[in-house]
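Read the structure below first, then the notes.
Counting starts at 1 for both ligands and their atoms, following the listed order. All residue numbers refer to positions in the sequence shown, counting from 1.
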Amino acid sequence: MDLRNIVILTGAGVSAESGLATFRGPDGLWEGHKVEDVATPEAFARDPALVHDFYDARRAKLGTVEPNAAHRALARLDAEWAGELLLVTQNVDDLHERAGSKRLIHMHGALTKGWCLRCNERFDWAGPMGGAAECPSCGTSGMVRPDIVWFGEMPYDMDLIDQALRDCDLFVSIGTSGAVYPAAGFVQTARYCGGQTLEINLEPSLGSYMFDESRIGRAGELVPQWVEELLQSAHSRPMSR
Ligand code: OAD
C-alpha cells in the first residue's frame, strides 16, 4: 500500500529523556501531586493558588530542558515528508515546536498559553502567571488561567484530529500509556478506517494489543530509527503528488 498520510500521537514518554516527568510514575504521583489535585477545574476552583504554583513551576522548568533526539527526528519527518502529516501531542511542554515541528496540535493545551475567563481570549504566556495575572486582551486581572485541558474538559481540535485519523494510512503512538481518552482511542479509529498502526513505547501500553506493530524501547533511540526507515523507503518509492 502507498503510504501517504501519517498521524502521530505523542505523550509524556517522548519528553522523558529531556528530563520532564511522566504522569504515571511508579508512585502514581505527578511531581508529588495527585492529578486530581492540580489538573481538574474543581481543583482550580477550590485552590487556585496551588494550581497556579504547580503550572508556574512546570512553565519555569521548560527553560531548563531541551528537545531530545525523538523530538528532532519528528521535526525532520515533518520537514521532509511530502504527504499529509499531523503530529498530535498530549504534552503541554513546547519541545516539539522548539525542535521545529510545524504541523502540530496540542490537544491538551500548552504551558506557553494563557486563557482569560472574562473575555475568552487565548494568548501566549511566558513566566509566572499566578492568581493576579492581567489579561493582555481585556486588561482584567485575576481571571487568567493556564490554557491547559484539565480532566473533565474537552480536548482541542477533536474534529480535525478525527478526520486526519480517518484519512491516515499510518498511525503511530509514541511514549503514551494509553490510559487517557480520547487519545487512547485514536488507534481504534485509525484501524477501523484501514490505517496501519505502530506503537513506540518503553513498555507495552494499555492498548498495545490493538497495534499492528509494537517497538519497545526508548523514544530517543527508536524514533530516529523509525523516521530514517520511513524516509528511506519513501525516497526509494517516490509518492505521486
Ligand atoms: P503517562 O505518564 O501516562 O505515560 C507515559 C508513557 O511513556 C509510559 O507508558 C512510559 O512507559 C512511557 N515512557 C517513559 N519513558 C519513555 C521513553 N524514554 N521512551 C518511550 N516511552 C517512554 O503519560 P501520557 O500517556 O502522556 O492529561 O498521559 C496522558 C495524559 O494523562 C496527559 O496528557 C495528561 C495526563 O493526565 C492531562 O493533563 C489532561
Side-chain angles (χ1 to χ4, degrees), residues 8-44 50-52 54-55 57-59 61-62 65-74 87-96 99 104-113 115 145-158 161 171-187 198-211 213-227:
I8 301 159
L9 171 71
T10 61
V14 84
S15 296
E17 289 160 64
S18 293
L20 295 178
T22 59
F23 293 89
R24 293 172 183 77
D27 54 6
L29 297 178
W30 179 24
E31 297 276 348
H33 294 271
K34 284 196 266 176
V35 165
E36 58 270 29
D37 288 342
V38 289
T40 61
E42 292 79 10
F44 188 58
L50 172 78
V51 174
H52 272 302
F54 180 77
Y55 287 101
R58 306 277 76 71
R59 196 177 304 104
K61 176 102 189 193
L62 293 183
V65 297
E66 294 295 331
N68 65 50
H71 299 107
R72 289 195 296 273
L74 293 174
L87 174 56
V88 181
T89 189
Q90 297 169 90
N91 298 342
V92 295
D93 66 56
D94 60 353
L95 294 177
H96 281 308
L104 170 68
I105 288 178
H106 275 278
M107 68 176 288
H108 289 166
L111 284 165
T112 53
K113 301 258 181 217
W115 173 19
R145 61 166 268 187
D147 190 12
I148 305 276
V149 176
W150 287 324
F151 283 92
E153 297 181 329
M154 187 65 86
Y156 292 144
D157 294 321
M158 284 308 299
I161 295 168
F171 170 70
V172 187
S173 171
I174 303 170
T176 175
S177 61
V180 174
Y181 281 80
F186 289 177
V187 56
L198 163 68
E199 101 172 320
I200 299 176
N201 210 44
L202 202 54
E203 60 196 346
S205 68
L206 292 173
S208 193
Y209 66 94
M210 288 185 276
F211 287 84
E213 188 188 352
S214 287
R215 298 187 184 184
I216 301 301
R218 292 188 307 106
E221 190 180 328
L222 296 188
V223 174
Q225 274 172 21
W226 166 69
V227 167

Just checking, Arg59 and Tyr55: is the charged tip under 6.0 Å from the six-membered ring centre and within 45° of the axis?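 Not flagged: Arg59 not positioned over aromatic ring of Tyr55.
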Proximal candidate to [atom] [heavy atom criterion; set [options]]:
atom: atom 33 (O) of ligand 1; options: Met107, Glu199, His108; answer: His108
atom: atom 25 (O) of ligand 1; options: Val38, Ile174, Thr176, Val92; answer: Thr176
atom: atom 20 (C) of ligand 1; options: Gly152, Ala21, Ser18, Ala219; answer: Ala219

Just jot down the ligand 1 atoms closer than 4.0 angstrom to any heavy atom of [X], in number order.
X: Phe151; result: 36 (O)
X: Gly217; result: 19 (N), 20 (C)
X: Arg218; result: 19 (N)
X: Gly11; result: 26 (O)

Please list the nearest protein heavy atom to [atom] with its residue and the distance rounded to 0.1 Å.
atom: atom 30 (C) of ligand 1; value: Val180 CG2, 3.8 Å
atom: atom 6 (C) of ligand 1; value: Gly175 O, 3.6 Å
atom: atom 38 (O) of ligand 1; value: Val149 O, 4.1 Å
atom: atom 18 (N) of ligand 1; value: Glu17 OE2, 2.6 Å
atom: atom 32 (C) of ligand 1; value: Phe23 CE1, 3.4 Å
atom: atom 17 (C) of ligand 1; value: Gly13 O, 3.4 Å
atom: atom 28 (O) of ligand 1; value: Arg24 NH1, 3.2 Å

Atom [atom1] of [X] and atom [atom2] of [Y]: how far apart are they, to the nearest 0.5 Å?
X: Ile161; Y: Phe186; atom1: CD1; atom2: CZ; value: 4.5 Å
X: Thr89; Y: Leu87; atom1: OG1; atom2: CG; value: 6.0 Å
X: Leu198; Y: Ile174; atom1: CG; atom2: CD1; value: 7.5 Å
X: Leu20; Y: Asp93; atom1: CG; atom2: CG; value: 5.5 Å

Residue-level breakdown please: for [X] versus ligand 1, do any non-hydrogen atoms fall below 4.0 Å on the side chain, on the backbone, on both, or on neither?
X: Gln90; result: both
X: Ser177; result: both
X: Val14; result: neither
X: Leu202; result: both

Please list, chain by chain and in numerical order, all residues satisfying ring pair (Phe, Tyr, Trp, His ring centres under 6.0 Å) with His106, sequence neighbours excluded.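 Testing His106 for ring pair (Phe, Tyr, Trp, His ring centres under 6.0 Å), a comparison that skips the adjacent residues, returns none.
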Is [X] reaching over with its side chain to a backbone N or O of [Y], donor-acceptor style, under 3.5 angstrom?
X: Asn91; Y: Ala12; answer: yes
X: Ser18; Y: Glu66; answer: yes
X: Glu17; Y: Ala219; answer: yes

Under 3.5 Å, is there a donor-acceptor pair linking the side chains of His96 and Ser15?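 No pair is found: no donor N or O on one side chain lies under 3.5 Å from an acceptor on the other.
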Distance-only donor-acceptor check, side chains Asp94 and Thr112, under 3.5 Å: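 No pair is found: no donor N or O on one side chain lies under 3.5 Å from an acceptor on the other.
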In terms of the angle between their ring planes, are Phe211 and Phe171 parallel, tilted or perpendicular, with boundaries placed at 30° and 60°?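 The arrangement is parallel - the two ring planes meet at less than 30°.
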Does any N/O atom on [X] come nearer than 3.5 Å to any N/O atom on ligand 1?
X: Ala12; result: yes
X: Ala16; result: no
X: Ile200; result: no
X: Glu203; result: yes
X: Asn201; result: yes

Tell me, please, which residues at least two apart from Lys113 pass salt bridge (charged side-chain N to carboxylate O under 4.0 Å, His left out).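 Only Asp124 meet the salt bridge (charged side-chain N to carboxylate O under 4.0 Å, His left out) criterion with Lys113.
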Any side-chain heavy-atom pair from Ser205 and Ser173 closer than 4.5 angstrom?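 Answer no - side chains too far apart.
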Measuring from the heavy atoms of Ala183, does anything fall under 4.0 Å of ligand 1?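 No heavy atom of Ala183 comes that close to ligand 1.
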